[in-house]
Amino acid sequence: MKTLILAAGYATRLYPLTENFPKPLLKVGEHTILDWLIDDIATCHLVDEFIVISNHRFAHIFEDWAEKKNRSASVPITVLDDGTSTNDTRLGAVRDIELALQQVAARGDSPADGYLVIAGDNVLDFSLTRFIQYAQQKGTSCIMRFHEPSHERLLKCGVVTVDADDLVTEMTEKSPTPATHWACPPFYYYTTQDAQLVTRGIEQGCGTDAPGSYIAWLCKQVPVHAMQMPGRRYDIGNLQSYEEVQRTYAGISALQGKTILVTGAAGFIGSNLVKRLFREMTQGTIVGIDNMNSYYDVSLKEYRLQELNHLPWSQSEPSGLHWSFIRGSIADRELINRLFSEYHFDIVVNLAAQAGVRYSIENPDAYIDSNIIGFYNILEACRHAKELGTPSPTYQGVEHLVYASSSSVYGGNKKIPFSTDDRVDNPVSLYAATKKSNELFAHCYSKLYNIPSTGLRFFTVYGPAGRPDMAYFGFTNKLLKGETIQIYNFGNCRRDFTYVDDIVEGIVRVMQKAPEKKTGEDGLPLPPYAVYNIGGGQPENLLDFVQTLQEELLRAGVLPQDYDFEAHKQLVPMQPGDVPTTYADAAALERDFGFTPKITLREGLRHFAEWYKEYYG
């Protein structure tokens with residue numbers, strides 16, 4: 001398979017940055033945009049050549065970059081000059097594709113397994129390997145699609161219509177009247193046979209400017225499938241969007257070269273955090289630990305772990321990023337001490353915990369083992385970090401302990417929104433009590449041993465591959481089985497739902513800014529200690545939440561369009577340990593880190609429903 005990278009544009013909306021420099025070679029974080037794409041695709045081991053199609057004006061810059069890249073690249077990179085020198089005379093994306101195909105054919109090197117064609121100016125938070133695997137499974141030319149709620153943005157991109165089997169029935173580029181909200185990003189797979197039809201398509205009047213114009217013609221000739229995009233795409237179309245993605249990626253620079261322990265690494269939040277660190281770190285060591293217990297389906301944890309182990313960045317050890325995973329419990333003090341002896345951890349993120357309010361009533365021992373004893377073991381290891389293992393004159397101990405608390409600590413708090421300044425001395429579940437105890441333990445160790453620590457009170461985290469015991473996941477499972485879902489407090493509950501990507505963004509920002517170490521008037525350390533809420537600050541009524549979930553399950557095809565939801569809903573009283581409202585005051589997080597969660601409930605549930613459909617079929 002060959003990958004054609006479209007890079008012949010002039011990006012006039014990014015002037016002056018791109019007036020004399022190609023957009024695909026702009027840096028995002030520690031890499032260029034093109035490096036992100038190529039390093040990802042190379043890990044699938046199916047591509048034998050990258051062909052970067054450039055205009056004549058920037059070809060020499062791409063050639064210099066490719067010469068350096070080829071010294072260490074596992075897949076060779078070729079630069080193809082399309083001969084144009086101005087925006088007015090450019091060939092257009094489809095003719096650039098035609099030119100590349102002709103060059104490959106002239107060399108007698110046409111691949112049997114097709115072409116991956118991508119625009120070279122996009123940054124992704126998912127691996128294109130999944131798209132390649134999807135295309136191989138379908139055996140047809142394929143595109144991607146994602147739901148775009150903004151009508152204004154739909155006017156500027158390709159819009160696709162698909163049937164129930166994901167076959168493309170229509171594709172239009174920059175239509176003044178978009179037929180659907182399914183947008184098509186510039187990532188395409190052509191079978192070798194379909195690629196040979198490009199010249200015919202041009203002759204028959206398919207557009208040549210936008211790369212999707214060929215798909216618009218091709219889907220009328222042969223079957224083309226559309227895969228739902230499995231993550232986010234950052235389209236760098238102007239200076240503002242470039243600055244936004246720069247802030248997203250550059251924010252992790254303070255973690256480069258650090259040795260980081262993430263407990264609960266196969267859990268919902270932990271695996272997403274590790275994934276984010278993989279994506280953006282180029283130097284350092286990430287160690288994950290998880291006991292892989294059977295509180296919920298272990299296969300889901302294995303799936304998350306497999307996702308981590310197959311990410312391209314987890315295989316980049318030669319470039320300086322190292323990954324290690326240990327199956328074990330933080331309640332095992334000997335194991336924890338051994339890890340701290342082997343690795344000089346700079347940052348510890350403790351996300352391992354026995355979760356669940358109701359389960360804490362049924363099985364309290366699990367909460368004492370993990371949330372109390374386990375957290376104590378982490379604190380003790382942080383305290384003695386410099387003494388454990390081989391002494392190092394440069395190692396100064398753990399720089400920052402970040403740990404998961406919970407909105408459950410607010411209990412039956414009547415004052416809303418919930419503020420970290422509120423008294424939280426009246427927990428209504430053992431789970432909440434263990435989380436409050438974590439905050440007290442951390443404060444004590446910060447005071448006595450000057451260990452910087454930050455607790456994060458998470459508010460109702462949800463998203464793809466989440467915990468099946470959470471309402472959105474459990475409701476979906478039951479509805480699919482034809483069972484009745486129970487809505488507590490007769491629907492009079494409100495929850496501050498927070499999408500997992502927003503949680504991870506908050507964690508990453510906090511990791512890089514430990515509370516400052518200071519000395520008090522008594523000459524003793526002031527505790528370098530902080531607690532923050534991470535929540536959307538927009539509590540949703542439970543009935544409205546269920547309605548949105550229903551709509552997204554129908555949209556994703558998880559449930560049939562004629563599903564009778566009313567027959568499968570039951571309003572029931574409040575359950576022991578539950579609270580009627582959660583509502584985060586996240587002003588402190590925004591003040592200190594410039595961040596508040598941004599993903600809407602509908603957008604987040606849409607991502608979950610699409611993942612659920614793909615995972616469970």
Side-chain angles (χ1 to χ4, degrees), residues 1-6 24 28-29 31-52 69 72-77 111-146 166 184-192 195 224-234 266 271-272 274-282 286 302-319 321 323 325 464-465 501 607 610-611 613-615 617:
M1 182 185 302
K2 297 189 183 299
T3 296
L4 309 183
I5 300 177
L6 305 174
V28 171
H31 303 292
T32 70
I33 299 170
L34 212 47
D35 283 321
W36 283 114
L37 290 170
I38 284 178
D39 291 349
D40 168 22
I41 298 167
T43 61
C44 74
H45 305 299
L46 297 172
V47 174
D48 62 13
E49 183 183 17
F50 291 100
I51 301 175
V52 179
K69 185 77 173 175
S72 59
S74 58
V75 179
I77 302 165
D113 49 358
Y115 295 85
L116 180 66
V117 180
I118 59 177
D121 58 356
N122 291 266
V123 178
L124 311 176
D125 73 352
F126 60 91
S127 175
L128 281 168
T129 298
R130 294 179 65 179
F131 178 53
I132 296 171
Q133 293 169 342
Y134 175 87
Q136 290 181 321
Q137 179 186 2
K138 294 298 183 183
T140 67
S141 292
C142 293
I143 63 174
M144 280 197 203
R145 60 188 168 106
F146 66 95
D166 289 341
C184 178
F187 309 113
Y188 316 94
Y189 169 79
Y190 302 140
T191 65
T192 301
V224 176
H225 283 89
M227 170 187 170
Q228 292 183 21
M229 194 165 69
R232 288 187 184 181
R233 159 189 172 242
Y234 299 94
S271 61
N272 278 280
V274 174
K275 190 183 298 184
R276 170 75 182 272
L277 297 176
F278 276 163
R279 191 184 75 204
E280 298 181 33
M281 289 177 64
T282 57
I286 305 169
E302 295 285 1
Y303 162 79
R304 298 186 194 121
L305 191 58
Q306 187 178 31
E307 288 260 291
L308 295 179
N309 290 332
H310 285 83
L311 282 173
W313 309 281
S314 66
Q315 302 169 21
S316 62
E317 293 217 4
S319 69
L321 180 63
W323 159 244
F325 177 77
D501 286 1
H607 289 317
E610 292 171 353
W611 168 84
K613 174 66 174 176
E614 180 183 352
Y615 184 76

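These numbers come from the heavy atoms of this one structure, side chains and all, not from hydrogens, waters or symmetry mates.
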I'd like to know whether V224 forms a side-chain contact (heavy atoms from CB on, under 4.5 Å) with I143, so could you lay out the CA-CA distance, the side-chain angles of the two residues, the decisive distance to 0.1 Å, and finally the verdict. CA-CA 7 Å; V224 176; I143 63 174; 4.3 Å; yes
Which residues pass the salt bridge (charged side-chain N to carboxylate O under 4.0 Å, His left out) test with E302, sequence neighbours left out? R327
From CE (M227) to CD (Q133), nearest 0.5 Å: 8.5 Å
Do side-chain atoms of T192 reach the backbone of P111 as a donor and acceptor pair under 3.5 angstrom? yes
With sequence neighbours left out, write down each residue that passes side chain to side chain contact (heavy atoms under 4.5 Å, CB included) with D48, or none if nothing qualifies. K2
Suppose we screen for salt bridge (charged side-chain N to carboxylate O under 4.0 Å, His left out). Which residues come up paired with K69, at least two apart in sequence or across chains? D35, D39
Qualifying residues under side chain to side chain contact (heavy atoms under 4.5 Å, CB included), relative to A195, sequence neighbours excluded: L101, Y115, Y190
Between W323 and F278, what is the ring plane arrangement, given parallel below 30°, perpendicular above 60°, and tilted in between? perpendicular
Nearest heavy-atom contact between F187 and A119 is CE2-O, 4.4 Å
Heavy-atom closest contact (V75 atom, A42 atom, distance): CG2-CB, 4.2 Å
Atom pair CG (D121) and CD1 (I33), whose distance is rounded to the nearest 0.5 Å: 6.5 Å
If you round to the nearest 0.5 Å, how far is CD of E610 from CE of M229? 9.0 Å
To the closest 0.5 Å, what do you measure between CD (E49) and CD1 (I77)? 10.0 Å
Pairwise distance OG1(T140) to NE2(H225) - rounded to 0.5 angstrom: 5.0 Å
Audit row: I118, T3, side-chain contact (heavy atoms from CB on, under 4.5 Å) steps and yes/no: CA-CA 8 Å; I118 59 177; T3 296; 4.2 Å; yes
Could you check whether any side-chain heavy atom of R304 comes within less than 4.5 Å of a side-chain heavy atom of N272, counting everything from C-beta outward? no
Evaluate the ring pair (Phe, Tyr, Trp, His ring centres under 6.0 Å) criterion for residues Y189 and Y134: first the C-alpha distance (whole Å), next the side-chain angles of each, then the deciding distance (0.1 Å), finally the verdict. CA-CA 10 Å; Y189 169 79; Y134 175 87; over 10 Å; no
Could you report the tightest heavy-atom contact between C142 and F131, atom names first, then the distance? O-CZ, 3.5 Å
Stepwise side-chain contact (heavy atoms from CB on, under 4.5 Å) check, L308 with S271: CA-CA 7 Å; L308 295 179; S271 61; 4.3 Å; yes
Side-chain donor or acceptor of R145 paired with backbone N/O of C184 under 3.5 Å: no
With heavy-atom distances below 4.5 Å as the criterion, would you say the side chains of S141 and Y188 are in contact? no
Atom of M144, atom of L128 and distance for their closest heavy-atom approach: CE-CD2, 3.5 Å
Any side-chain to backbone donor/acceptor pair from T191 onto G114? Under 3.5 Å, distance only. no
F50: which residues meet the ring pair (Phe, Tyr, Trp, His ring centres under 6.0 Å) condition with it, sequence neighbours left out? none
Validation row: V52, L6 side chains within 4.5 angstrom (heavy atoms): no
How far apart are the C-alpha atoms of I41 and T129, what are their side-chain angles, what is the distance that settles it, and do they pass the side-chain contact (heavy atoms from CB on, under 4.5 Å) test? CA-CA 6 Å; I41 298 167; T129 298; over 6 Å; no
Across all chains, not counting sequence neighbours, the salt bridge (charged side-chain N to carboxylate O under 4.0 Å, His left out) partners of D113 are none
